[in-house]
Amino acid sequence: MATAVQTAPSTSSCPVPEAHRPALVERAALVGRERELAVALHHLNRQAGGGIWITGEPGVGKTRLAQEIVAASHPAAPRGTRPLPAADPREGPDRGDLRYDPETAAGAASRIVCLPAVEVLDAAGPLLRTDARRPRTLWIEDAHLLDAQGAAVVLRIAHRGTHKLLITANADEAAPRLHTLWKDQYLARLDLGPLDTVSARRLAAALPQGRLTRSSVVRLAEMSAGNPMLLRELLRAAIDQGLLSRDGDQWHLGDGVPTSHALRDLVAPGIAALPDPERSALQLIALAEPARPAVLETVIGAATLLRLEDRGLVRAQGHGGCPGTGPVRALAVAHPHLGHVLRQEVAPLRSRHWAQTWAAALDAHGGSLPAERARVVQWQWDTGLAPDEPALLDAARHALHGHELPAAARLATAAWRTHRTALAAELLGRVLLAGADLDELTDFAAEAGAGRPDVASRLDPLAARALVLQGRHPEADRLIERLSEDERATARAMAAYFQGRCDRVPTDAVPAVAPPGAAHRTESGLLAMSALCRQGRPLDALEVHRRLQRQGSGGPVASGLCDADWLAEAHAVALMYAGRLEAAETLLTGAYRSAVEGHRVRVDAQRGLALGCALYERGRLREALPYVTFTPAYRVGWPPWQDKARIYAALIGSCLPPHHPQHGPPAEDDTLHGLSSGPHATALALARARLAHRDGDQDTAARLLDSAVDAALDDGAYGDAVTALHEIARLGLPAHPGALADLPVQGPFLRARMHWARALATGDAGLLGRASHALADCGASLYAAEGYAEVARLQRNAGRERAATAATAQARTLLRRCGDVATPPLHFLGGCPSLSVRERTVAALAARGMADKEIAARLVVSPRTVGNTLYRVYRKLGVGDRRDLRRMLSA
């Protein structure tokens, strides 16, 4: 597994001969432009005339988007076709079409004419004479290159309205007359900006033929600033210069910066012509960024800064380090990759001189801020100035608190190798734990603590946490017994939680009054909140959160696993259990975006996983799936979180329609094999039961869920028990006795799910209707829709058709919020007669295309029994074959 930090060059990484270097894929999938593609197709699919004007900075993907638009709107068009000029437009307009016959394509309503700007005049005559009954889609690429005559022709075509127009152009360079196309609403204007951070990472992971490490993906995405062309050229330059090295089965980009003439042309065309003073000033800004303007004016002068700003080489940052947000707080190089290049090319003595000059200037301005001190210390270390230990440790702590893990690892490693103190060892251990380098942490603790009791006392608590996260519980228990009393209590609580024993986690871990600097307070509070939620006590968990907020959780605890930054996620999870799903989604969305935009490797994926789980509970499965499907660009790193992601990916896949195999249920052997239960035991049982039920093995599904209920009740995890009881009811399995018990759970969400299970066990349509209404109020649209679907069946069986029709309408209204889903309660939703559980199971398997013998083998019955059951299903539903059954099942 790739890790976010590296304290030393990996022993498995080595330069690769040129013949064995990775190559770029010929054509990566379109990433991050789904909304723009939908908007463009909407405007092009209008009845007559119109079209779309696509504009944006060079390299953002205007041409690529146009290719996808053509491919999506004309399925017979080969993907990746570039505009082709007509061999001789005077021979007829058909010579300008793509190299396929649109007349033979089923449903082809128009032809495509792809014209570079220079060919517009030659093709103008045939296009203007085209009969209105044979409209075309005209793709004019680089329309900003059109001269006055060409622009006039395009305007005439647009005014006539016979053809649809697809225009790509740089808006700043296009002729003023062309702008009337979108100003007068002949065309819709679509402005393409850079890709967002997540999409840039996805594209970086998809471009090479081979997997990149996670840190490499993040670094490339950051350097590209979301520009797809720049990202591709960065990878090309890295491959050409041999900067990618093997790290196991992945490729790793080290500290080198990919450079090439193409990259320089893309980022800063005028940088080569900069005078020496301005180039030196720009290098200083790159080394010191983000730098205070007042200090820069002292060192390099206001006039130089103004000239750099006029050239577009520097940008101002407001509060929080973002451009355009409040007063100017700092200056930085305008483009991240340009900053990397400038820092890389500074000569060692020049960099050393700038470090001394900048440190003196900061002191002259009344001291430096924590971020500035950390930057200077890192700068000094890189140039061989050797800061003292307190400065190194302070800088490493600041980087760690800001989740800048590579910088924190470099500084903490420098402090340990230089000074060999217990404080330096502990800080390096915390960095390794935060970066999910668990094997390195345990090895480092054993090596550094040998013969050093002072070092071992600080590293052993961290090593114990690493062993717990790896599931090495016997080793962790032996190590925990050697810890101090305070450390031992917290480590035991953590070990109990990750073994799935929430009854052993002290839920009163946060006292009413605690000292401001109490060790492990935040960590203990977060463990208590998680245990309380599993116990079905989310309101008590919210009270713990309020205590932590009132007392002030302080900074990150020196030896703890968690810090105050985790409180937002724990708060959102408690809100979700308490039934405030919309508030939880809003909170997690903000936390996730903050982590992504701050390039907080691992933290972003962890927040995304929590957001995906919230979206799953809300029933928005398509939206949830990307957050729990990890790639090299998006990975948590800690094993329990990785396991949770695999479990929820299986849960989501089992709720998606089988006619979408790319998103359908994954195979158990591929997804859930070898997973340990731990705190996710109930969710794992749900996922395995879903897969068994999908394959017709109801006995196994019932056994798994009954065992999950029993284990949760024995552990006092009533929230988990309610989840499993609800799942038994959703799958139509025989009710567990616990469904009739009044379990002590808090909040409307858990109580509604408990009543859902009880109502189905007793056949109480009124109770089920009230539970479904409560779930809808909580924001759990899928659960509520399933409840109303079951209400409709109960009412129809009782002969109350009007009530059944009303419940069906409620279910369909709620399903509009969920998108394309297919779960057992929703099968055959509508006015059809009710089927028994066995009939629904056989129908679902038959709709998947299984033969009678295959179904009989799955259900351990005879093929004749299966045939008779299907005959009854066909008669009840009024269908004739499996095809009609599949259509009705997915309706």
Side-chain angles (χ1 to χ4, degrees), residues 2 4-6 9-10 13-16 18 21-22 24 59 194 197 200-201 203-205 207-208 212-247 250-272 274 279-291 313-315 332-352 354-355 375 378-379 381-384 399 404-407 409-410 599 601 633:
V5 296
Q6 296 202 4
S10 172
S13 299
C14 58
V16 179
E18 184 173 356
R21 293 174 186 170
L24 296 180
T197 305
R201 293 184 187 181
L203 182 58
L207 281 175
L212 290 172
T213 60
R214 176 182 46 167
S215 56
S216 303
V217 166
V218 173
R219 187 159 176 251
L220 286 166
E222 183 181 6
M223 283 194 289
S224 71
N227 187 295
M229 182 186 294
L230 179 57
L231 180 54
R232 188 184 67 241
E233 292 305 318
L234 281 168
L235 261 171
R236 193 192 309 278
I239 294 170
D240 292 343
Q241 296 171 16
L243 298 180
L244 295 178
S245 57
R246 271 288 185 188
D247 188 357
Q250 298 177 318
W251 294 100
H252 176 69
L253 176 65
D255 293 333
V257 178
T259 57
S260 68
H261 293 297
L263 289 172
R264 291 176 182 270
D265 291 342
L266 285 173
V267 175
I271 191 174
L274 277 181
R279 190 179 189 85
S280 297
L282 196 59
Q283 289 175 344
L284 171 61
I285 296 172
L287 290 166
E289 65 180 9
L313 295 174
V314 297
R315 70 182 189 278
V333 177
H335 198 283
H337 178 255
L338 179 58
H340 283 292
V341 171
L342 290 168
R343 285 188 290 273
Q344 192 87 352
E345 69 180 13
V346 178
L349 292 180
R350 171 64 65 181
S351 180
R352 185 186 183 100
W354 277 129
R375 183 76 191 93
Q378 185 175 346
W379 191 355
W381 176 260
D382 291 340
T383 58
E404 299 174 6
L405 297 185
R410 187 161 52 249
H599 301 286
V601 180

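We number each residue from 1, following the sequence as shown.
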Does any part of the side chain of Arg410, heavy atoms only, come nearer than 4.5 Å to the side chain of Asp382, both counted from C-beta?
yes
Would you check if Arg219 and Val257 make a side-chain contact, meaning some heavy-atom pair closer than 4.5 Å?
yes
Qualifying residue for side chain to side chain contact (heavy atoms under 4.5 Å, CB included) with Leu220, from Leu203, Leu207, Leu230, Leu231:
Leu231
Working to the nearest 0.5 angstrom, can you tell me the gap between Arg214 CZ and Arg201 CZ?
9.5 Å
Side-chain heavy-atom pair Glu345, Gln283 within 4.5 angstrom cut-off
yes
Would you name the heavy atoms of Val333 and Ile285 that are closest together and state the gap between them?
N-CG2, 4.0 Å
Closest contact, heavy atoms only, Gln250 versus Leu212:
NE2-O, 3.9 Å
Taking only residues two or more places apart in sequence or in another chain, which ones pass side chain to side chain contact (heavy atoms under 4.5 Å, CB included) with Pro290?
Gln317, Ala330
State which residues pass side chain to side chain donor-acceptor pair (under 3.5 Å) with Arg352; sequence neighbours excluded, sorted by chain then number.
none
Do you know which two heavy atoms are closest between Pro208 and Leu235, and how far apart they sit?
CD-CD1, 3.8 Å
What pairs meet the side-chain hydrogen bond (donor to acceptor under 3.5 Å, both in side chains) rule with one or both residues in residues 229-238, with sequence neighbours excluded?
Glu233-Arg236
Partner residues of Ser351 under the side chain to side chain contact (heavy atoms under 4.5 Å, CB included) criterion, sequence neighbours left out:
Leu287, Val346, Trp379, Thr383
Out of curiosity, Trp354 CH2 to Leu284 CG, how far, rounded to the nearest 0.5 Å?
4.5 Å
Residues passing the side chain to side chain contact (heavy atoms under 4.5 Å, CB included) test with Ser260, sequence neighbours excluded, are Ala237, Ala262, Leu263
Reported CG-to-OG1 distance for the pair Leu234 and Thr259, which is rounded to 0.5 angstrom:
10.0 Å
To the nearest 0.5 angstrom, please state how far the OG atom of Ser216 sits from the NE2 atom of His252.
5.0 Å
Solution key, residues 335-342 side-chain donor-acceptor pairs under 3.5 Å, sequence neighbours excluded:
from: His335; atom 1: ND1; to: His337; atom 2: N; distance (Å): 3.1
from: His337; atom 1: NE2; to: Pro258; atom 2: O; distance (Å): 2.8
from: His340; atom 1: ND1; to: Arg343; atom 2: NH2; distance (Å): 3.4

Give me the atom names and distance for the closest heavy-atom approach of Gly256 to Leu243.
C-CD1, 4.2 Å
